[in-house]
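This is the structure I have questions about; it appears just below.
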Amino acid sequence: MGLEVVRDELEGIDPEALRREKHKKKDGLRDLPGDTSKVVLRFAPNPNGPLTIGHSRGVVINSSYAEKYEGTIVLRFDDTDTKIKPPLMEAYSWIEEDFEWLSGRAADIVIRASERMPVYLKQAKKMIADGHGYVCQCTAEEFRKFREEKMDCPCRVRAISENLEDWESMNSGKIMEGGSVVRVKTSMDLPNPALRDWPALRIQHSPHPIVGSKYKVWPLLDFQSAVEDHEQGVTHIIRGKDLMDSTRKQKLLYEHFGWEYPETLYWGRVKVHEFGGFSTSGMSSSIKKGDYEGWEDLRLPTLRALRRRGFEPESLISLWSEIGLTQKDISISMQTLETFNSKNIDGLCERRFFVCNPILIGIQSQEASSEASIPRHPEGAIPGTRKWGVGNHIFIQEEDFTEGKLRLKDFADIEIEGSNAEIEGFDRSDGRPIIHWLPEGIARRAKMFVPEGEEIRELEGVIEDFELCLGDVYQFERFGFAKIERIDSEVVELVWLHG
RNA sequence: GCUCGUGUGGUGUAGUUCGGUCCAUCAUGUCGGACUCUCGAUCCGUCGACCCGGGUUCAAAUCCCGGCACGAGCACCA
């Protein structure tokens, strides 16, 4: 039977069925799998710096799901490494602030792994006592060989009592760093090498910034996270897909403990065109070296830097919601975020003039009008006007200067000759170019800081001195959005947001 | 090397579970236009994609097989 035959037949039966219906783009997050009656989610950063735009995906996705299912969200600091990615004391509160700024509410539960050490140590001991883990004295290189060749290491077959003794030695500090490690006994002939007797706890003698030298044995992420997720009753884990093998490792551990593993979802790797690859530890060392002013440096992809510039949390939320939860590796552009942000703030920002590289010209008129009246917002989203006296001299941008006919926006048609302008009339009379401008009396010196890749460009100019509020974002006409960061008697300082 | 994951326009996504309603959705972007006293906003139009090759089928983005590309894990980091 051909399609035509079917079509003809259907025509007779139900003509409605033939009407083509276009597919609609489905929006919103996909439903969570499994039992969603009491959803418990978690967001678990390493407190070695403030949150970045990369972390923001985790915050947005998790808090959106928490909202959708009226679930709870645990903010957990995975701070069990004191050597390679040591915790930064200030970062704990920074992250809580960043989280709240972005999600609009504080996490329901905040925990620090370093404070939960007794729990992890207890479970580790139980694991050893139950014969599901053992103390391994092989060096990393030796074990790597065993792993590659699917061979048991000699430590694997020792008695539980011996393991327990070694466990005590590890904890009492008798064994030096690197001297031994606790492994989860899985199987050495698993096809996936990552899962073969994976390391769960190691010795660290360097002090932890919060708990000092109290503990000699610290859990690795896979163990700590697995135990804590169970302790907190986490129902759904949403994590990067680079952690897929962590899921598999942890499931093997959960089998040992007889626990039920949470539902797990993943997202792919994210790159931001403008920032390339960035890591918290990389930024940390660059800051220490003096390459950046600090974590709020305009050039950095931290949430603090974005907030400083004037991005709204809703823009990040829109961005990540639009992207959704996919396992594809993606590369996004800041321009997309900026577009979302423009939509969010356009109706909220009053207009002002910023004249960059100003040049002063004289202005005179036959007619009498020395006052300009310009709307605060062109579509009236913000009612009212800004009114200023004009005087005899005005600033215009060097690049706008041309001898001939111009229109001073919202004021008058002029003709420039030399360094003087003659007002030809106040109504717009033709299609001459419109420029922004500023009377000398209303102009105030201003500096605009614009992040450009690895540089910060400093633009000099004059700003319209009309009801300027510190901390507010304005749209400077024919220029773009910027935020006032500092006002003093000398100069107004602005940070660039976007066009 | 072993293991795992992902391939839809420039970018990001919907559709893939259960083949037909898909000459493939939406957003952003490009280009053009309208409007506007901003290079902003708004509106209209335009361009542009199913990784490749086989197979199954009346019918494949969707199912099967084989490639290829990219990414990740195999850390005493998270």
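Note that these values count all heavy atoms, side chains included, but never hydrogens, waters or copies made by symmetry. Chain naming here is simple, since letters A, B, ... match the order of the sequence lines and numbering starts at 1 in each.
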Expressed as a whole number of angstroms, how long is the span from A:Leu316:CG to B:G12:P?
18 Å
Pairing nucleotide - B:C58, Watson-Crick or G-U, each distance under 3.5 Å:
B:G20
Is it true that, when you exclude A:Lys145 itself, more than 12 heavy atoms of the residues, nucleotides or ligands shown sit nearer than 6.0 Å to its NZ?
no
Which is true for A:Lys83 with a 4.0 Å heavy-atom rule: it touches a base, it touches only sugar-phosphate, or it touches nothing?
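Nothing, no nucleic acid heavy atom in range.
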Strictly below 4.0 Å: does A:Arg30 bring a side-chain N or O up to OP1 or OP2 of B:A14?
yes
Describe the nucleic acid contact of A:Pro45 in one word from base, sugar-phosphate, nothing, applying a heavy-atom distance below 4.0 Å.
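The residue A:Pro45 makes no contact with any strand.
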For B:U11, what is the paired nucleotide under Watson-Crick or G-U wobble rules, both distances under 3.5 Å?
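Base-paired to B:A27.
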Taking only side-chain nitrogens and oxygens of A:Arg196, does any of them come within less than 4.0 Å of OP1 or OP2 of B:G73?
no
Both distances under 3.5 Å, Watson-Crick or G-U wobble: report the partner of B:G5, or none.
B:C70
Which of the following nucleotides, B:G12, B:C37, B:C2, is nearest to the side chain of A:Arg428?
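Looking only at side-chain atoms, A:Arg428 lies closest to B:C37.
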Tell me whether A:Arg183 forms a cation-pi arrangement with A:Phe143, defined as NZ or CZ under 6.0 Å from the six-membered ring centre and within 45 degrees of its axis.
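Yes.
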Looking only at heavy atoms, which two atoms of A:Val181 and A:Leu201 are closest? And how far apart?
CG2-O, 2.9 Å
If you compare every side-chain N and O of A:Lys249 against the phosphate oxygens of B:G73 (OP1, OP2), does one of them come in below 4.0 Å?
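False: A:Lys249 side-chain N/O out of range (4.0 Å or more) of B:G73 OP1/OP2.
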Applying the salt bridge (charged side-chain N to carboxylate O under 4.0 Å, His left out) criterion to A:Asp197, which one of A:Lys150, A:Lys249, A:Arg156, A:Lys185 satisfies it?
A:Arg156
Mate of B:C76 where both pairing distances stay under 3.5 Å, Watson-Crick or G-U:
none
On a plain distance test, is the side chain of A:Gln327 in donor-acceptor contact with the base of B:G5 below 3.5 Å?
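Donor-acceptor pair under 3.5 Å: no.
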Does A:Arg407 put a side-chain nitrogen or oxygen below 4.0 Å from OP1 or OP2 of B:U38?
no
I need the minimum non-hydrogen distance between A:Arg432 and A:Ile414, along with the two atoms involved.
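Closest approach of A:Arg432 to A:Ile414, heavy atoms only: NH1-O, 2.9 Å.
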Looking across every strand, which nucleic acid part, if any, lies under 4.0 Å from A:Asp346 by heavy atom: base, sugar-phosphate, or nothing?
sugar-phosphate
B:U42 P sits how many Å from A:Gln475 CD, rounded?
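Computing the A:Gln475:CD to B:U42:P distance gives 12 Å.
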By nearest atom, which of the nucleotides B:U38, B:C4, B:G12 is closest to the A:Ser331 side chain?
B:G12
How close do A:Thr80 and A:Arg202 get, counting heavy atoms only, and between which atoms?
O-NH1, 3.3 Å
Remember a base hit wins even if backbone is also touched, and classify A:Ser225 as base, sugar-phosphate or nothing at under 4.0 Å, heavy atoms.
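No contact.
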When all nucleic acid strands are considered with a 4.0 Å heavy-atom cut-off, which category describes A:Leu221: base, sugar-phosphate, or nothing?
base
Calculate the interatomic distance between A:Arg269 atom CZ and B:C70 atom P; express it in whole Å.
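Computing the A:Arg269:CZ to B:C70:P distance gives 12 Å.
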Using a 4.0 Å heavy-atom cut-off, does A:Leu220 contact any base of the nucleic acid, only the sugar-phosphate backbone, or nothing at all?
sugar-phosphate
What contact category does A:Gly178 fall into here, base, sugar-phosphate, or nothing, at under 4.0 angstrom with non-hydrogen atoms?
base
Among B:A78, B:C77, B:G73, which is the nearest nucleotide to the side chain of A:Ile84?
B:C77
Give one of base, sugar-phosphate or nothing for A:Cys138, where a contact means two heavy atoms less than 4.0 Å apart.
base
Under 4.0 Å from OP1 or OP2 of B:U8: is there any side-chain N or O of A:Lys328 that close?
yes
Using a heavy-atom cut-off of 4.0 Å across all strands, would you classify A:Ser333 as base, sugar-phosphate, or nothing?
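Nothing, no heavy atom under 4.0 Å.
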Rounded distance (Å) that lies between atom C1' of B:G12 and atom CD of A:Gln335:
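Spelled out: CD on A:Gln335 to C1' on B:G12 is 12 Å.
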For RNA chain B, whose closest nucleotide is more 5', that of A:Lys241 or that of A:Lys343?
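On the 5' side of the pair lies A:Lys241.
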Please indicate whether A:Lys125 has more than 12 foreign heavy atoms, meaning atoms of other residues, nucleotides or ligands, lying under 6.0 Å from its NZ.
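Open: at most 12 neighbouring heavy atoms sit under 6.0 Å from NZ of A:Lys125.
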Does B:C43 pair with anything, Watson-Crick or G-U wobble, both distances under 3.5 Å, and if so, with which nucleotide?
B:G33
Roughly, in whole Å, what's the span from CZ in A:Arg386 to P in B:U38?
12 Å
Ignoring hydrogens and angles, are the base of B:C37 and the side chain of A:Lys409 linked by a donor-acceptor pair under 3.5 Å?
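For A:Lys409, whose side chain was compared with the base of B:C37, there is no donor-acceptor pair (under 3.5 Å).
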In whole angstrom, what separates A:Gln250's CD from B:C4's P?
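Value for this atom pair: 18 Å.
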Please work out if A:Thr326 contacts a base, only the sugar-phosphate, or nothing of the nucleic acid, heavy-atom cut-off 4.0 Å.
sugar-phosphate
Once you round it to whole Å, what is the distance between C1' of B:C37 and CD1 of A:Ile434?
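A:Ile434 atom CD1 is separated from B:C37 atom C1' by 4 Å.
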Mapping A:Arg248 and A:Glu379 onto RNA chain B by nearest heavy atom, which one lands closer to the 5' end?
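This one resolves to A:Arg248.
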Identify the two heavy atoms, one from A:Ile61 and one from A:Gly324, that lie closest to each other, and give their separation to 0.1 Å.
CD1-O, 4.0 Å
A:Glu338 has an atom CD; how far is it from atom P of B:U11, in whole Å?
19 Å
